[in-house]
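These notes concern the structure reproduced below.
Keep in mind the model is a prediction, meaning the values are calculated, not measured. Note that the numbering runs from 1 along the sequence shown for the chain.
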Amino acid sequence: METSNYFEFFSPVKINSGDQALSTLNYELEQLHVSRPLILTNQTLDELNILDLLLSSITKIEINPRQIIKTIPNQATLEIVKKASQRYRDLGCDGIIALGGEAIIDTAKGVNLIISEKVDDLSKLTGIETAHGDMQPFIVIPTTSGTGSEAALSAVISDQKSKNNLEFISSKLMPDLAVIDPKMTFTLPPRLTASTGVDALVHAVEAYTGLQTNPLSDAYAIAALKLIGKNLEPLVNDVNNKNYRVAMNNAALMAGIAFSNSHAGIIHAIGDACEKISEVSHGDALAVLLPHGMFYNLKFEYCRNSYQDILLALEDTEKFVNTKAEDRALMAVDSVVGILSELRFLAGIPVRLEEIGVKRSDFDRIVDKAMHNSALLNSAGQVKREDIKSILEAAF
C-alpha cells in the first residue's frame, strides 16, 4: 500500500527519565517560573507515600496544603475539573503538577484548558484544536507505565449529567515536562504492571501498523517494542527491579509518543467500545483483543510487512532469521500470544472477553460504537460491521 511522503510529528515534552529524576524538580520549577503549583493526585497515592516522595523533592518553594487536591476520581469529570480550576484561581496558582495515572493527567489537562482559555464551561472546548491562549506551566509525574498520557495531546473528561465522555484534542494539552522516576511506579503490583505493560504494547503495535505511520513515529514504536519484549515479563516477575521498571516506563512513554503521532487502529476502536458499552477495564479489553485484532490484520499485505519488523523487535535475531519470510508476520502474532500467555501465568491477566464481563448481548452495541470511532480510519482496509463482530466472537 502506497502512503504519502508528507507527515506531521509533534512531541514538545521535555523528558527527565531515570533514577533520581525527581531531584530535578526544583530546577525545572524555577525554569518554568512556577512558585505556587496546584498539585493533583488521589488518596491512594497519598496513603502509599508517593505524594510524600514528590513533596520531599520540592524544597525551594513552600507548598500550602490547600495547593494539593487528593480527591481526583478514577475518571476525569467536568465537576472535579471545575472545582480544581476554582481552587487554582482562589490560591493564585501559577502552574500545575499532575501526580498519577491517566484520570489525574486528564483532569490536569482540563484545568489547564479552563484557566488558560478563561472559560467556566469546559464542554464548550470539546473537539480538535479549540485552545488558542497561552497555557499554564504543566508538569506530569506518571505513576503507571502504560497509558503514555504524559506525551499525549488528548484528554477524555466525563460529563456525568449527560453520561457522555467529552474528548479534547489539542497540541496545547501536552505538558511542558514529564518526570519519569521508577520510585513513582514501584507500588504497582504484578497484575497492574502486566496490564499497563500490555497497554503500552498495544500502543506500539498500532502506532507501527496504522495508515498514518511515519519514519519518526516508527522509530519510537520499534524502540518501545524492543524494550517491552526484553523487560515486561521480567518486570512482572520482579516488580521492584529498578532496571526493568525504568525500561518499561520509557517504553510506555515512547509508545505514547508514537501513538499520539500515528494514531490508533481497529484494536483500540473495539477496546474503547467494550469499555464504554460493557464498562470493563480499558487495559483488560485491549489485552484480550490484541492478538485477535492482529490476526485480522494479517489479511492485509501492508500489515504483514509491518508485523515482520515487530517479530524482529520482540524476539531475538536468531528466531527472525530461522523463520521463513512468508511466516514472519504470523510468528509476530504468535510472539504476542506468547507474551500474553506468560503474563496470564505470572499475573492472571484475562484472555477472553467473557472473563472481564463483556456479554454476547452487548455485541451489537459494541459494533455500533466501534464503527463510529475515528481510529478505524487509520486501519488497513475498509472495516465492516462483520469484521468487528468476527473479532469479538474470536475473543469471546
Side-chain angles (χ1 to χ4, degrees), residues 1 146 194-195 197-211 213 218 221-233 236 251 255 258-259 262-271 274 283-346 349-353 355-356 370 375-376 378-381 383 386-396:
M1 185 179 295
S195 181
V198 171
D199 199 4
L201 174 59
V202 178
H203 287 169
V205 166
E206 293 221 287
Y208 194 73
T209 53
L211 296 183
T213 61
D218 283 353
I222 286 293
L225 286 164
K226 286 179 179 177
L227 286 174
I228 292 166
K230 286 184 175 65
N231 296 282
L232 178 53
E233 291 170 42
V236 173
F259 178 68
S262 61
H263 308 300
I266 192 169
I267 298 165
H268 262 85
I270 303 174
C274 288
D284 284 351
L286 292 182
V288 171
L289 292 164
L290 174 59
H292 304 286
M294 289 183 73
F295 193 77
Y296 163 81
N297 281 333
L298 285 175
K299 64 183 180 179
F300 303 108
E301 183 183 2
Y302 173 79
C303 287
R304 290 199 302 274
N305 292 336
S306 299
Y307 282 1
Q308 292 189 49
D309 296 338
I310 289 175
L311 174 64
L312 182 57
L314 291 176
E315 299 285 357
D316 57 39
T317 309
E318 187 180 355
K319 182 163 186 176
F320 179 84
V321 171
N322 290 336
T323 303
K324 292 179 184 176
E326 62 268 27
D327 295 334
R328 285 171 183 163
L330 181 59
M331 285 303 294
V333 182
D334 188 64
S335 178
V336 167
V337 170
I339 291 171
L340 295 172
S341 298
E342 185 64 19
L343 295 179
R344 167 80 162 188
F345 172 74
L346 291 172
I349 68 165
V351 294
R352 315 295 313 168
L353 288 176
E355 273 182 76
I356 60 175
L376 291 187
N378 193 40
S379 289
V383 179
E386 53 263 36
D387 296 327
I388 296 173
K389 191 81 175 282
S390 71
I391 291 172
L392 288 170
E393 287 287 356
F396 189 71

Main-chain N/O of T323 paired with D327 side-chain donor or acceptor, under 3.5 Å: no
Inter-residue atom distance L312.CG - R328.CZ, 0.5 Å rounding: 8.5 Å
Distance-minimising heavy-atom pair for P350 and A287: O-CB, 4.5 Å
Check against side chain to side chain contact (heavy atoms under 4.5 Å, CB included), V236 and E233: CA-CA 5 Å; V236 173; E233 291 170 42; 5.9 Å; no
Verdict with supporting geometry, L376 and I266, side chain to side chain contact (heavy atoms under 4.5 Å, CB included): CA-CA 5 Å; L376 291 187; I266 192 169; 3.9 Å; yes
Mutual orientation of the aromatic rings belonging to F259 and H203 [parallel < 30°, tilted 30-60°, perpendicular > 60°]: parallel
Side-chain (S335) to main-chain (M331) donor-acceptor, under 3.5 angstrom: no
Any donor-acceptor pair under 3.5 Å from E206 side chain to H263 backbone: no
Enclosure of E386 CD (heavy-atom neighbours >12, cutoff 6.0 Å): yes
Nearest-0.5 Å distance that lies between atom CG in L353 and atom CD1 in I356: 5.5 Å
Residues forming a salt bridge (Lys or Arg N to Asp or Glu O under 4.0 Å) with D309, sequence neighbours excluded: none
Heavy-atom side-chain proximity of T213 to Y302 below 4.5 angstrom: yes
Reported CD-to-CD1 distance for the pair E342 and I349, which is rounded to 0.5 angstrom: 10.5 Å
Verdict with reasoning, L201 to L225, per side chain to side chain contact (heavy atoms under 4.5 Å, CB included): CA-CA 7 Å; L201 174 59; L225 286 164; 3.6 Å; yes
Residue pair A370 / I388: nearest heavy atoms and the distance that separates them: CB-CD1, 3.8 Å
Donor-acceptor contact present, side-chain S262 to main-chain A207, <3.5 Å: yes
Side chain Y307, main chain V205, donor-acceptor under 3.5 Å: no
Non-hydrogen atoms of A251 and A224 that approach each other most closely: O-CB, 3.5 Å
Atom pair CG (L227) and CD1 (I222), whose distance is rounded to the nearest 0.5 Å: 11.5 Å
D199 side chain to L286 backbone, donor-acceptor under 3.5 Å: no
Shortest non-hydrogen separation from L392 to C274 and the atoms involved: CD2-SG, 4.1 Å
Verdict with supporting geometry, I267 and M294, side chain to side chain contact (heavy atoms under 4.5 Å, CB included): CA-CA 8 Å; I267 298 165; M294 289 183 73; 4.3 Å; yes
Atom CZ of F396 with >12 non-hydrogen neighbours under 6.0 angstrom: yes
For the student: nearest non-hydrogen atoms of A285 and G271, plus distance: CB-O, 4.0 Å
For the student: nearest non-hydrogen atoms of A221 and A204, plus distance: CB-O, 3.7 Å
Separation of H292 NE2 from R352 CZ (nearest 0.5 Å): 5.0 Å
Side-chain donor or acceptor of N378 paired with backbone N/O of L211 under 3.5 Å: yes
Straight-line distance of H268 NE2 to L290 CG, nearest 0.5 Å: 10.0 Å
